Structure formats: structure tokens, C-alpha cells
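Each remark here refers to the structure printed beneath this line.
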Amino acid sequence: MRLFILDPSRVVCEISVAVREGLADPPSGRGCGQLGEFSGSVGYRALVLPGWLDQFFDRRAVPLRLLVLLAVAVSYFLVFASPTALDAVLVGGAVLAMAAGPRWPLAVVVTLAGLLVVAPEGASHLALKVLAGVALFELAMRRSGWPLAVAAAVMTAVYALNRPDDLPGLVFRAVMAIGGPILLGTYVRSVRRLTQVEVRTSVARELHDLVAHHVSSIVLRVKVARQVLAPEDARVRAVLDDVHETGVAALADLRQLVTVLRDPSQSFVEPDSLPAAVEAAVARARKVGLRVDATVDPALARLDATRGLTVLRLAQEGLANVAKHAGSSARTQFSTSVSADAVRLEIRDDGGDFRMAGSGSGHGLVGLRERVEMLGGTLEAGVHGHGWRLLAVLPVAS
């Protein structure tokens, strides 16, 4: 889930309502428009910028952003100036260069600075300066440190070349046309960071107070049932034991998740323990009846925390999907391997008794695909023979 500049209290409220609908009766007559119990987060509203501004500079809005900038440039030429063919080429090239802003914002600023140097005095100069200001804002919104210093130095040098004898004018332009966009972009980046911290803290608090409470209650009730019922049937005892162990494991995972949300420097799973965690996921699948032939590469311990967690989630979700859609009698092949440049995870089943490998409309695979693609990998999932196959390939961090 990607979070932009928004009211974190509303985010937590939406999560809370969704959780309550899944675990208990939702509170009657209360929606996310009434934020009484989440008022501790409302203090950030004063810092929040309009949502459209953040969405305008989102990576997915590049075509829209280019279209708007091009429309503004054309309108300027039509109303206030008489452009030459060179003006149109320079401004059009500058607009196209803005497409690289989300990935290479410093390169865009340097490119626009170069266009300003070669552009003749005239219609294109003002348009290029405006675009350069937008590029500086985007750079400051996405980067900090030395890229901002380099961009400011380059743009100051360009302005100095245009009017080398006008020192007061140079200082004024440097402050307004260069410092202004950089300060505004830095402000937006700071607000984003503060908002993300507040959201993480609020979600962590809600998980601890609400979800962990319900899971703890389930674990306690199952424990009581094991003692009070004392079933003679070994199969019933095994089911109760498994439910209790699963609940305890879920509670431990929730507590670890809360820790990670409060302190992002913490890791959900340590790399050294990743092979054992994957083996544990396979063992849990076997306990529900799956026949799993597993090969777990010990080299998984070499992966960084982000890729390690992704591999673990792939294993857990993939095996859970086999049990859900192919049945507990499905024969499953599970393998992981790590090479010099990639980690590969594959899960294949024979379809089981139900022949339901292709069914299901949940969001598990969508979430897994998003995780994998964010790391530059690929995920394939679909019918394979009589069963189902999931194949994920992730590049190994250099």
C-alpha cells in the first residue's frame, strides 16, 4: 500500500473499520468521518498539502504531468509570445526531459540548465526557467544532500552566464528562482516523512490494541478448550494443538510487525534465520496435510532483509493457496535457489482432488506481484498441467 500526503488518522480509521468487520461487529453509527478516538493524529493536518499536488508528482502521473506542462507552454506561446521553430524545439525537448524526473531528477535539472545556456534570449527563455523551477522542486521533493547542492550550483552558474555584470540581480534570481523551489520541495519531502512516521506509529498502536487483543483471546480460548474438553480422539487433540500453535505464531508475528512499524530499522526476519523460517512455512503446510517435496537453499541467508521477507511471504502465501484451492491432498513441489544474480522460488502442485488450482479471487497474488515488481523481479502464476505453478525470480542486490 502506497501512502501519499494525507491525514494519517483517517488511514488508521479505515484500517480499524476493516479489521473490525473481519474480527468483530463494527461500531454502529460511526464512520471514518468521526475521528474522536484517533484525534491524536490530527495535529499533522496543518502540515498537509493538497492531495492533488502530491498525486501530480507521483510516478504514475508522468503522462498527465507532461500533458499539463506542454499545454501551459503552448498557451504561453500563443498568448504572450511569438515563438520561432528553435523555441518550440527547445521547450518541447525540455518538457520531454521532465519525464525522467521521478527516476533521475538531478539529470533533468542539468539538462534544463544546458538548454538555458544554448537558448537565445526570447520566447523560450522564460518557459525554460519555469520548467527549471519545476524540476528543482521535484528534485528537492525526491532527494536530499549533495544533489541539491549540485543543482543549485549549476543553475546559479547558468544565471551568472546570462547576466555576468548584474550581481544584485543574480543574487535575487538565485534566491527566488533557485532557492524558492528547493525550499518548497524540501518542505514537501519533510511533510511526507513526518506523515509516514505518524501513520506507521498509529497503525502499530492499532494493531497492538485491537488485532493482537483478538488473537490473544483466540489463543487463550483454544488453550482452555484443550484443558476442559480433553478430547480422547487424537485427531481432535492434534487440531486443537495446531490451532493453538498457529495462534501463538500469529501473535508473535503481530508483535514483530508492531516493532518494525515503530522502528523501521528493525527487520521482520533476520537473514541468517531465513532458511529456517522458510522450512517452518513448509512444515506448517505439511501439518495441514499437504504432501510437500521441498528444497530450501541455505544460501537464502545471504539475501538482504527486504528480499528475504519477500521470499518468506511468497513461500507462505504460495503454500496457503495450494491448500486452499487444490486441497490438502495435493502433491506439491517447492524449491528455492540462489545464484550470483538472482533468487528463484517455485511452487507447483498437481491439482489435488478438487482440481481447483485456478480458482480464487483474493488479493494475495496481487500483493505478491507488487512486492516482486518493486524489487525489479518477475512473478508468474497460472495453470500448469493439471495443477498450478507459481514462479518468482528476484534480482540479488549487488
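Every heavy atom of this structure was used, including side-chain atoms; hydrogens, water molecules and symmetry mates were not. Note that the structure is a prediction, hence the values are computed from the model and not measured. Residue numbers count from 1 along this sequence.
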Close side-chain approach of [X] to [Y], heavy-atom, < 4.5 Å:
X	Y	result
E138	P102	yes
D349	L290	no
L116	K129	yes
L106	R143	no
I178	T156	yes
I347	Q333	no
F334	T295	no

[X] side chain to [Y] backbone, donor-acceptor under 3.5 Å:
X	Y	result
R344	L391	no
R142	G185	no
R189	A140	yes
S339	A342	yes

Which distance, rounded to the nearest 0.5 Å, do you find between the [atom1] of [X] and the [atom2] of [Y]?
X	Y	atom1	atom2	value
N321	T332	CG	OG1	11.0 Å
L309	L303	CG	CG	11.5 Å
T306	L394	OG1	CG	11.0 Å
T378	E373	OG1	CD	9.0 Å
S337	E346	OG	CD	9.0 Å
L131	M98	CG	CE	6.0 Å

Exercise. Has R286 got more than 12 heavy atoms of other residues, nucleotides or ligands less than 6.0 Å from its CZ?
Worked result: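 Counting neighbours around CZ of R286, more than 12 heavy atoms of other residues, nucleotides or ligands fall under 6.0 Å, so yes.
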
Exercise. Any link between L66 and W104 through a network of hydrophobic side chains (Ile, Leu, Val, Met, Phe, Trp, Tyr) touching at under 4.5 Å?
Worked result: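 Shared cluster, no.
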
Exercise. Which atoms form the tightest heavy-atom contact between L345 and V311, and what is the distance?
Worked result: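 Here L345 and V311 meet closest at CD1-O, 3.8 Å.
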
For this session: Decide yes or no on side chain to side chain contact (heavy atoms under 4.5 Å, CB included) for V383 and W388, but give the supporting numbers first.
Result: CA-CA 5 Å; V383 175; W388 186 266; 4.2 Å; yes

For this session: Take V109 and L112 through the test side chain to side chain contact (heavy atoms under 4.5 Å, CB included) and record every step on the way to the result.
Result: CA-CA 5 Å; V109 173; L112 292 180; 5.9 Å; no

For this session: I would like to know whether L300 and V343 meet side chain to side chain contact (heavy atoms under 4.5 Å, CB included); could you show each step before the answer?
Result: CA-CA 8 Å; L300 290 175; V343 55; 3.9 Å; yes

